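What follows is one structure encoded as structure tokens, with my remarks underneath.
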Protein chains: 2
Amino acid sequence: MDSKQQLLQQSIAAKEIFLPHISADPVIFGFEHNELKVLLLKTNYRQKWLLPGGYVRKDEDLDEAVQRILKERSGITDIYLEEFGVFGKKNRSEFHFEDFDETLFQKQRFITVGYYALYSPSKFHLIPDEFSETCEWVFLSKLPQIEFGMDHYEIIQKALFTLRQKISTKPIGRNLLPEKFTLPELQKLYEAVLGKELNRGNFYRKIKNLGILKKLEEQRRGGAHKAPDLYSFDEENYIKAMKNGMNSW
Amino acid sequence: MDSKQQLLQQSIAAKEIFLPHISADPVIFGFEHNELKVLLLKTNYRQKWLLPGGYVRKDEDLDEAVQRILKERSGITDIYLEEFGVFGKKNRSEFHFEDFDETLFQKQRFITVGYYALYSPSKFHLIPDEFSETCEWVFLSKLPQIEFGMDHYEIIQKALFTLRQKISTKPIGRNLLPEKFTLPELQKLYEAVLGKELNRGNFYRKIKNLGILKKLEEQRRGGAHKAPDLYSFDEENYIKAMKNGMNSW
DNA sequence: CCAAAAGTGTTCTTCGTACACCCATGT
DNA sequence: ACATGGGTGTACGAAGAACACTTTTGG
């Protein structure tokens with residue numbers, strides 16, 4: 001079945017099941033090789049990269065919808081998503097389905113709700129859905145070089161901006177790093193999100209004063225030079241710090 | 001024409017003009033007598049208080065929609081609105097139109113987008129639309145005593161929370177205070193938003209260091225005791241401060 | 001033993017907090 | 001003149017910024 005046939009078929013079912021005009025788009029961030037990456041799908045149709053978004057069922061809450069969509073399109077489950085913006089320009093998807101007539105469900109005007117989340121890529125196996133060729137992590141530095149459908153690049157930009165705001169008041173890392181990690185690794189994560197270098201000494205002191213870390217009785221061996229200490233997050237204090245907030249970086 | 005007839009009539013036109021399932025609700029904050037207030041409408045139908053929300057035309061951007069809605073329902077124009085949340089529970093308006101059958105446009109499931117803004121009430125004359133009995137500023141302290149339709153109380157709560165977050169990083173007051181104002185007045189505004197008292201001396205120093213104020217060559221006469229100096233905002237620096245942000249209170 | 005990275009300590013400055021003091025005005 | 005609120009100054013401590021120093025490891 002080619003991709004156009006596939007979309008037409010989906011369209012018929014969609015009209016029954018989903019609310020018209022409303023969609024949700026999750027922006028999932030990951031961290032690897034000291035760089036941030038985003039989860040994207042390359043659709044069979046038109047070969048453009050898109051966020052793994054979808055539609056809202058008539059009988060489910062919006063929150064439930066995003067969770068389901070993400071699961072169906074990528075295989076990711078159990079992830080905390082946070083709304084960060086609504087994209088409602090009337091012609092935001094104008095040229096995306098130009099091969100189809102107006103009866104296609106997917107072609108109608110959509111107002112989309114953006115959600116973002118942080119997720120550790122190692123935790124699961126990506127499974128693209130039937131409409132997508134690939135489901136891939138794409139590094140932020142590569143984004144300007146790939147071709148997006150609709151306004152999805154803009155959506156990612158805003159998600160990233162929101163993440164930067166967030167890191168200034170709440171701790172980040174619990175979902176992006178493995179169980180055990182080193183302080184230099186955590187610092188690299190913060191630097192990747194903020195897009196600037198941080199002073200080592202000051203970072204160490206500040207993060208330790210937050211009290212969200214537990215120092216383990218082991219080091220990460222294997223690298224050249226001094227072996228760094230391993231840490232894990234102190235669940236209880238981490239949750240407290242999430243609520244209370246802090247100052248800035 | 002009674003209120004039920006009115007709603008039925010509106011329903012017919014609405015199906016032509018508006019997108020289904022999507023609405024926008026503006027939460028407009030004002031400041032008077034050292035207290036915050038919110039702009040609300042009391043609908044003819046069912047006598048519940050509601051935000052002055054409405055629907056999105058098929059041929060307008062979402063941003064345009066909120067502006068138009070607010071203008072039509074209250075008379076307010078030229079105001080900067082900022083999205084703060086989406087409310088999409090499937091049964092959020094379940095009991096609101098129970099006197100009607102499912103064909104009523106207004107009764108369908110709506111996912112609503114919340115916008116908030118700050119506005120100086122003195123600047124305009126409130127004009128309720130034809131569907132509303134009154135268009136009124138209601139003080140925050142009175143909110144628990146009035147009866148809201150749907151989940152609009154919850155929406156206001158989140159708007160207020162967002163405003164508190166915002167005041168911590170960006171200056172506030174430009175839209176909420178008259179052209180000329182005194183530092184004690186500004187401080188009262190901050191205290192009202194934050195819900196706690198601030199130290200006078202520290203507030204003065206901090207706000208002055210922001211450089212967003214212009215001291216005028218006059219005082220506010222008439223009150224008892226010492227006449228306080230009048231200030232106005234320095235447009236240029238205010239806008240800068242809006243962009244740059246600052247620390248916390 | 002040395003280079004390089006990890007971890008700690010020191011100093012300076014900035015900024016928030018608390019509070020004291022002076023100033024101006026209407027009663 | 002004096003009580004009251006407006007405006008300014010000061011002293012202390014916490015926290016950020018910059019940087020020096022020590023420690024540990026692999027080569």
Side-chain angles (χ1 to χ4, degrees), chain A residues 33-34 164 167-171 173 177 180-232 241 244-249, chain B residues 33-34 164 167-171 173 177-178 180-194 196-232 241 244-249:
Chain A
H33 303 315
N34 294 339
R164 282 198 182 136
I167 206 178
S168 301
T169 52
K170 311 280 175 177
L177 292 173
K180 299 171 179 182
F181 55 91
T182 67
L183 282 184
E185 284 163 4
L186 185 60
Q187 184 177 349
K188 293 290 182 195
L189 169 59
Y190 271 77
E191 290 178 342
V193 172
L194 292 170
K196 67 177 181 191
E197 296 197 348
L198 299 171
N199 178 283
R200 188 160 37 96
N202 300 332
F203 180 82
Y204 279 39
R205 195 164 340 102
K206 181 151 189 177
I207 207 81
K208 284 189 174 177
N209 285 341
L210 285 177
I212 59 174
L213 297 182
K214 273 188 304 191
K215 190 173 189 165
L216 305 176
E217 295 302 319
E218 5 171 16
Q219 285 96 20
R220 162 130 32 247
R221 303 277 159 170
H225 318 303
K226 179 170 179 177
D229 297 336
L230 281 169
Y231 290 82
S232 66
N244 297 337
M246 52 193 201
N247 293 336
S248 60
W249 284 99
Chain B
H33 304 314
N34 295 340
R164 283 200 181 135
I167 205 178
S168 301
T169 53
K170 311 279 176 179
L177 292 173
K180 300 170 179 181
F181 55 90
T182 66
L183 283 184
E185 285 164 2
L186 185 60
Q187 184 178 347
K188 293 289 182 195
L189 168 59
Y190 271 76
E191 290 177 343
V193 171
L194 292 170
K196 67 177 180 191
E197 296 196 348
L198 300 171
N199 179 282
R200 187 161 38 96
N202 301 332
F203 179 82
Y204 280 39
R205 195 164 340 102
K206 180 150 190 178
I207 206 82
K208 284 190 173 176
N209 286 341
L210 285 177
I212 58 174
L213 297 182
K214 271 189 304 192
K215 191 173 190 165
L216 305 176
E217 294 302 318
E218 4 170 16
Q219 286 93 20
R220 160 124 40 243
R221 302 276 157 174
H225 318 301
K226 179 169 178 177
D229 299 335
L230 280 169
Y231 290 83
S232 66
N244 297 339
M246 51 193 201
N247 293 336
S248 60
W249 285 100

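Numbered from 1 within each chain, the chains take letters A, B, ... in sequence-line order. Bear in mind that the values here come from a model prediction, so they are computed numbers and not experimental data.
- Of the side-chain N and O atoms in A/K206, none sit less than 4.0 angstrom from OP1 or OP2 of D/dA17.
- Note on A/R205: every side-chain N or O is 4.0 Å or more away from OP1 and OP2 of D/dG16.
- In this structure, NZ of A/K208 is placed 12 Å from C1' of C/dG9, rounded to the nearest angstrom.
- Protein atom CD of A/Q219 is 8 Å distant from nucleotide atom P of C/dG7, rounded to whole Å.
- Side-chain contact check for B/P184 versus B/F203: every heavy-atom pair is 4.5 Å or farther apart.
- Taking the side chain as every heavy atom from C-beta outward, B/Y190 and B/I167 approach each other to under 4.5 Å.
- Residue A/E197 contributes atom CD, which lies 12 Å from atom P of D/dA18 at whole-angstrom precision.
- Of the candidates C/dT25, D/dT8, D/dA17, the closest approach to any side-chain atom of B/H225 belongs to C/dT25.
- Atoms OH (B/Y204) and P (D/dT8) sit 8 Å apart, rounded to a whole Å.
- Distance CD (B/E185) to C1' (D/dG7): 15 Å, rounded to an integer number of Å.
- In this entry the distance linking CZ of B/F203 with P of C/dT17 reads 13 Å, nearest Å.
- Comparing C/dT8, C/dC19, D/dG6 by their closest approach to the side chain of B/N199 singles out C/dC19.
- Side-chain nitrogen and oxygen atoms of A/K226 include none within less than 4.0 Å of the OP1 or OP2 phosphate oxygen of D/dT22.
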Stepwise side-chain contact (heavy atoms from CB on, under 4.5 Å) test for B/K180 and B/E218: CA-CA 10 Å; B/K180 300 170 179 181; B/E218 4 170 16; 2.7 Å; yes
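- For B/R200, the side-chain atoms get nearest to D/dG7 when compared with the rest of D/dA18, D/dG7, D/dT25.
- For A/D229, the side-chain atoms get nearest to C/dG7 when compared with the rest of C/dT25, D/dG7, C/dG7.
- Put simply, the side chain of B/N202 and the base of C/dA18 share a donor and an acceptor less than 3.5 Å apart.
- Of the candidates A/I212, A/L186, A/L213, A/Y231 forms a side-chain contact (heavy atoms from CB on, under 4.5 Å) with just one, namely A/L213.
- Atom P of nucleotide D/dT8 and atom CG of B/N209 are separated by 12 Å, given to the nearest angstrom.
- For the pair A/P228 and B/A227, both in contact range of DNA chain C, the more 5′-proximal nearest nucleotide belongs to A/P228.
- The side chain of A/R221 places an N or O atom within less than 4.0 Å of a non-bridging phosphate oxygen (OP1 or OP2) of D/dT25.
- Rounded to an integer number of Å, the gap from B/I207 CD1 to C/dG16 C1' is 15 Å.
- Closest to the side chain of A/P184, from the set D/dG7, C/dT8, C/dA6, is C/dA6.
- The structure places CD of B/Q187 at 11.5 Å from CD of B/E185, a figure rounded to the nearest 0.5 Å.
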